[in-house]
There are 2 protein chains.
Amino acid sequence: MATTPDRLEKVILRLRERNCRITPQRIAILKAFLDSNEHPGIEQVYRQVQTRFPTTSLATVYKTVALLKEMGEILEIGFPDGQKRFDGNKPFPHPHIICEHCGVVLDPDTSQVDTLIAEIADNTGFKVTSHQIQLIGTCPSCLKNPF
Amino acid sequence: MATTPDRLEKVILRLRERNCRITPQRIAILKAFLDSNEHPGIEQVYRQVQTRFPTTSLATVYKTVALLKEMGEILEIGFPDGQKRFDGNKPFPHPHIICEHCGVVLDPDTSQVDTLIAEIADNTGFKVTSHQIQLIGTCPSCLKNPF
DNA sequence: CTTCGTGCAAAATTTTTGCACGAAG
DNA sequence: CTTCGTGCAAAAATTTTGCACGAAG
């Protein structure tokens, strides 16, 4: 599992506070996000949810994703190739590094993002509220086993 | 004009080297990219080109954009809200800062991108070949005149 | 019992493709 | 003259919407 069980409970609580109904579909979709470190896309979540609830419709996935995104419980990640994927485990801006060969996505640790933002804010006069940082390259494993 | 006239000539030369035909549509689409600092999207380029060549089709714009992208003469920028836009003036990875109120996009100067990449490469063992960095916030002008 | 969320189908977008004609070289 | 690129229309892919029924509370 990618998250503490806690996280699921907390989101359910927030749904309740909003007077949103707790349906099996919503739970399943939410779990699909929380249990995956693969930064899945809509289609991928849909297929995952369908294994347990075969009648779930794509429309419901879209609607639930919109809801969770609006609540800030999942973060949309625009991949450089145009794919739209989501991060349900760290739903706040953070850098990603993507292997262009095998597709793996990591959330690297770094102390430099704040420095970068501070410098750009300083140079432009912008107040920066959010960001999106994607690095593309080759992962260590693909470096060792070239295709 | 956003670029030196030079740039247009150079791209045309590269098209020729590839044995691609130099058509008025291609020139018009290319100019639309080179003459704009607004990081336009497909639809915006289409509308721009249509003012001079009303019969130009959207399919041609898509095809030409694919060609120029493949040649590395324009760079696709995935905006955080999912928009796909392009930069024809600096077709290499560089950071953008976007005002979420008025939509203005700047290419800020910074010396910190290399530092950030170096640290992440170091921490993950990836070889980094490209990147995409978008900062979102409020521009100085919108800070002064809140909506 | 009273909404709200779902599933379905239709619609609206967005992007891609096939093909015949006209243009570039 | 010989491709190649264009425009058109159709197709495919993606996302949104309207609505009636069933489920949550």
Side-chain angles (χ1 to χ4, degrees), chain A residues 8-9 11-33 40-71 73-74 76-86, chain B residues 8-9 11-33 40-71 73-74 76-86:
Chain A
L8 182 59
E9 300 305 322
V11 181
I12 291 176
L13 196 63
R14 286 201 60 210
L15 283 166
R16 236 187 273 284
E17 281 165 1
R18 268 183 164 244
N19 296 314
C20 289
R21 295 198 177 157
I22 314 301
T23 65
Q25 293 91 332
R26 284 188 174 159
I27 305 287
I29 292 167
L30 192 45
K31 274 184 155 173
F33 283 118
I42 293 269
E43 202 65 35
Q44 202 173 332
V45 169
Y46 175 54
R47 273 183 270 113
Q48 165 63 26
V49 170
Q50 275 211 325
T51 64
R52 303 210 174 243
F53 298 88
T55 69
T56 308
S57 74
L58 197 47
T60 297
V61 178
Y62 273 104
K63 286 167 187 166
T64 303
V65 164
L67 173 64
L68 293 173
K69 198 167 67 171
E70 201 262 317
M71 290 173 66
E73 295 294 348
I74 62 176
E76 181 166 348
I77 304 164
F79 272 48
D81 64 356
Q83 283 182 73
K84 290 177 191 176
R85 293 169 64 172
F86 299 87
Chain B
L8 181 59
E9 300 305 323
V11 180
I12 290 175
L13 195 62
R14 287 202 59 210
L15 284 167
R16 236 187 274 284
E17 282 165 3
R18 269 183 163 244
N19 295 314
C20 288
R21 296 196 175 158
I22 313 302
T23 64
Q25 292 91 333
R26 285 188 173 160
I27 305 288
I29 292 167
L30 191 46
K31 274 184 156 174
F33 282 118
I42 294 268
E43 202 64 36
Q44 201 174 334
V45 169
Y46 175 55
R47 273 183 271 112
Q48 165 64 27
V49 171
Q50 274 211 324
T51 63
R52 304 211 175 242
F53 298 87
T55 69
T56 308
S57 75
L58 198 46
T60 297
V61 178
Y62 273 104
K63 286 166 188 167
T64 304
V65 164
L67 173 65
L68 293 173
K69 198 166 68 171
E70 201 262 318
M71 292 173 65
E73 295 293 348
I74 62 177
E76 180 165 349
I77 304 164
F79 273 47
D81 63 358
Q83 285 181 73
K84 290 176 190 178
R85 293 168 66 171
F86 299 87

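Each chain gets a letter, A, B and so on, in the order the sequences are listed, and its residues count up from 1.
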>> In this structure, how many angstroms lie between the C1' atom of D:dT14 and the CZ atom of A:Arg47, rounded?
In response: 14 Å

>> Please determine whether side chain to side chain contact (heavy atoms under 4.5 Å, CB included) holds for the pair B:Val49 and B:Gln25, giving the CA-CA distance in whole Å, both sets of side-chain angles, and the decisive distance to 0.1 Å.
In response: CA-CA 8 Å; B:Val49 171; B:Gln25 292 91 333; 5.9 Å; no

> Rounded to whole angstrom units, what separation is found between the CZ atom of A:Arg16 and the C1' atom of C:dC4?
Replying inline: 15 Å

> Out of D:dG7, D:dG25, D:dG5, which has the shortest distance to the side chain of B:Thr23?
Replying inline: D:dG5

> Which whole-number value in Å describes the distance from A:Glu76 CD to D:dT14 C1'?
Replying inline: 13 Å

> Would A:Met71 and A:Leu15 satisfy side chain to side chain contact (heavy atoms under 4.5 Å, CB included), going step by step from the backbone distance to the final call?
Replying inline: CA-CA 9 Å; A:Met71 290 173 66; A:Leu15 283 166; 3.6 Å; yes

>> Rounded to whole Å, how long is the line connecting atom CD1 of A:Ile42 with atom P of D:dA13?
In response: 17 Å

> Just wondering, more than 12 heavy atoms not from A:Arg18 lying within 6.0 Å of its CZ?
Replying inline: yes

> Roughly how far apart are A:Ile12 CD1 and A:Ile27 CD1, rounded to 0.5 Å?
Replying inline: 3.5 Å

> Given that both distances must come in under 3.5 Å, which nucleotide forms a Watson-Crick or G-U wobble pair with D:dG25?
Replying inline: C:dC1

> Is D:dG7 paired to anything, Watson-Crick or G-U wobble with both distances less than 3.5 Å, and if yes, which nucleotide?
Replying inline: C:dC19

> B:Arg26 side chain N/O closer than 4.0 Å to the phosphate oxygens (OP1, OP2) of D:dG5?
Replying inline: yes

>> Rounding to an integer number of Å, can you tell me how far B:Arg21 CZ sits from C:dA24 C1'?
In response: 5 Å

> In whole angstroms, how far is the C1' atom of D:dT6 from the CD1 atom of B:Ile27?
Replying inline: 15 Å

> Hey, can you pull the residues of residues 53-70 of chain B with a non-hydrogen atom under 4.0 angstrom from DNA chain D?
Replying inline: B:Thr55, B:Thr56, B:Ser57, B:Ala59, B:Thr60, B:Lys63

>> Heavy atoms only, 4.0 Å cut-off, all strands: where does B:Ile22 land among base, sugar-phosphate and nothing?
In response: sugar-phosphate

> DNA chain C: B:Pro24 or B:Glu43, which has the more 5' nearest nucleotide?
Replying inline: B:Glu43

> Rounded to the nearest 0.5 Å, how far apart are CZ of A:Arg21 and CZ of A:Arg26?
Replying inline: 9.5 Å

> What is the distance, rounded to the nearest whole Å, between atom CD of B:Gln25 and atom P of C:dA24?
Replying inline: 8 Å

> To the nearest angstrom, how far is B:Arg85 atom CZ from C:dT14 atom P?
Replying inline: 14 Å

> Given the rule in the side chain to side chain contact (heavy atoms under 4.5 Å, CB included) test, do B:Glu9 and B:Leu13 qualify, once you have shown the distances and angles that lead to the verdict?
Replying inline: CA-CA 6 Å; B:Glu9 300 305 323; B:Leu13 195 62; over 6 Å; no

>> I want to check something: taking the side chain as every heavy atom from C-beta on, are B:Val65 and B:Val45 in contact at a cut-off of under 4.5 Å?
In response: no

